[in-house]
Amino acid sequence: MSDRPSFDEYFMKIAEIVSTRSTCLRRHVGAVIVKDNHILATGYNGAPKGFKHCGEVGCIRAEMNIPRGEKHELCRGLHAEQNAIIQAAVFGVSIKNGTLYTTHFPCSVCSKMIVNAEIKEIVYKEYYPDELSKKILEESNINVRKLVI
């Protein structure tokens with residue numbers, strides 16, 4: 001018997017650690033993009049590079065009382081999945097056919113980016129209520145599964 005984690009558990013734990021860097025006041029999300037069991041990129045949610053964090057300027061979504069799963073464009077931050085995809089692009093790393101481990105089910109904006117980045121699989125830990133995202137991913141060829149640990 002081994003206490004060694006499976007690759008799914010290992011990469012999700014890394015996504016959880018990545019999420020601790022989040023500067024979002026509402027939810028800490030982490031993402032890790034992997035191919036052939038090697039980490040290609042990571043991302044967490046927060047303000048763009050060099051911008052003041054939400055803790056310094058406040059949360060637009062909270063001030064406007066926007067419910068979860070709606071109006072994702074009304075936020076000064078980028079999502080963890082977006083930052084992982086952008087990090088790969090900045091460093092010239094192909095993520096095509098990779099697996100995205102994320103602490104939360106992606107929103108519709110992230111799902112569209114994930115589809116066009118040609119990610120082949122999404123593994124998430126916690127569900128995030130976004131019906132449009134669910135429909136987008138159902139229409140795609142991406143394997144989506146919840147990790148139960």
Side-chain angles (χ1 to χ4, degrees), residues 7-140 142 144-147 149:
F7 277 114
D8 280 346
E9 293 167 332
Y10 173 69
F11 292 125
M12 189 59 74
K13 285 179 190 237
I14 293 171
E16 290 170 350
I17 291 168
V18 170
S19 77
T20 65
R21 292 279 307 150
S22 170
T23 60
C24 180
L25 299 174
R26 297 178 97 182
R27 177 175 297 102
H28 290 195
V29 180
V32 178
I33 302 174
V34 174
K35 193 186 311 184
D36 299 325
N37 292 327
H38 294 280
I39 296 171
L40 302 177
T42 64
Y44 53 87
N45 56 328
K49 289 181 185 179
F51 282 48
K52 290 182 179 180
H53 298 301
C54 297
E56 298 172 84
V57 297
C59 176
I60 297 167
R61 294 179 61 79
E63 291 167 9
M64 296 178 76
N65 202 26
I66 298 170
R68 294 176 356 149
E70 296 179 15
K71 300 180 182 179
H72 303 290
E73 72 281 2
L74 296 177
C75 177
R76 67 182 280 111
L78 288 100
H79 291 185
E81 302 91 335
Q82 294 168 342
N83 275 324
I85 292 168
I86 292 166
Q87 183 186 70
V90 166
F91 289 103
V93 176
S94 173
I95 56 174
K96 183 177 181 176
N97 295 319
T99 298
L100 172 73
Y101 288 86
T102 181
T103 57
H104 294 72
F105 187 82
C107 75
S108 58
V109 174
C110 290
S111 290
K112 291 183 279 186
M113 291 179 70
I114 291 165
V115 168
N116 276 6
E118 299 185 34
I119 295 289
K120 70 174 182 180
E121 183 174 40
I122 299 169
V123 181
Y124 70 95
K125 185 177 177 188
E126 294 181 38
Y127 186 70
Y128 178 80
D130 186 329
E131 288 304 311
L132 178 57
S133 178
K134 196 171 164 186
K135 289 176 185 174
I136 289 167
L137 293 172
E138 285 172 355
E139 189 175 334
S140 77
I142 298 172
V144 180
R145 60 190 171 91
K146 179 177 176 138
L147 182 62
I149 299 177

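- The minimum heavy-atom distance between Thr23 and His53, with the atom names listed, is CG2-ND1, 3.2 Å.
- Within the 4.5 Å cutoff, the side chain of Lys120 has heavy atoms near those of the Thr99 side chain.
- Nearest heavy atom pair, residue Pro106 against residue Leu137, reads CG-CD1, 4.2 Å.
- Relative orientation of the His72 and His79 rings is perpendicular, given thresholds of 30° and 60° on the angle between their planes.
- Aromatic ring pairs are classed by plane angle as parallel below 30°, tilted from 30° to 60° and perpendicular above 60°; the pair Phe7 and Tyr10 is perpendicular.
- Heavy atoms of other residues, nucleotides or ligands lying less than 6.0 angstrom from CD of Glu139 number 12 at most.
- Side-chain atoms of Arg61 come within 3.5 Å of backbone atoms of Pro67 as a donor-acceptor pair (strictly under, hydrogens ignored).
- Between Lys13 atom NZ and Glu16 atom CD the span is 7.5 Å, to the nearest 0.5 Å.
- To the nearest 0.5 Å, the span separating CD on Glu81 from CD1 on Ile86 amounts to 11.0 Å.
- Lys146 NZ: more than 12 foreign heavy atoms inside a 6.0 Å radius.
- Looking only at side-chain heavy atoms (C-beta outward), Ser19 and His104 stay at 4.5 Å or farther from each other.
- Using modelled atom types, no side-chain atom of Asn45 and backbone atom of Gly77 make a donor-acceptor pair closer than 3.5 Å.
- Contact between Ala31 and Ala84 at its shortest, heavy atoms only, is CB-CB, 4.3 Å.
- Taking 4.5 Å as the limit, every side-chain heavy atom of Ser133 sits out of range of all side-chain heavy atoms of Ile136.
- The number of heavy-atom neighbours closer than 6.0 Å to OH of Tyr127, taken from other residues, nucleotides and ligands shown, is above 12.
- The two residues Ile142 and Ile119 make their nearest non-hydrogen contact at CG1-O, 3.3 Å.
- The heavy-atom pair separating Ile66 from Arg26 by the smallest distance is O-NH2, 3.1 Å.
- Aromatic ring pairs are classed by plane angle as parallel below 30°, tilted from 30° to 60° and perpendicular above 60°; the pair Phe105 and Tyr124 is perpendicular.
- In this structure, CD1 on Ile85 lies 4.5 Å from CE on Met113, to the nearest 0.5 angstrom.
- Atom CD of Glu121 and atom CG of Asn97 lie 11.5 Å apart (nearest 0.5 Å).
- Counting all heavy atoms, side chain and backbone alike, Arg27 lies closest to Val29 at CG-CG2, 3.7 Å.
- Few gaps surround CG on Asn37; more than 12 heavy atoms of other groups in view lie less than 6.0 Å from it.
- In this structure the side chain of Thr20 never reaches within 4.5 angstrom of the side chain of Tyr44, judged on heavy atoms.
- Within 6.0 Å of atom NZ in Lys35, more than 12 heavy atoms from other residues, nucleotides or ligands are found, so the atom counts as buried in its surroundings.
- Distance check, rounded to the nearest 0.5 Å: CG of Asn83 to CG of Leu78 gives 5.0 Å.
- Side-chain contact between Glu73 and Val109 is absent, with no heavy atoms from C-beta onward closer than 4.5 Å.
- With a 4.5 Å cut-off on side-chain heavy atoms, Asp8 and Arg145 count as touching.
- Atoms OG and CD, on Ser108 and Glu70 in that order, are 10.5 Å from each other to the nearest 0.5 Å.
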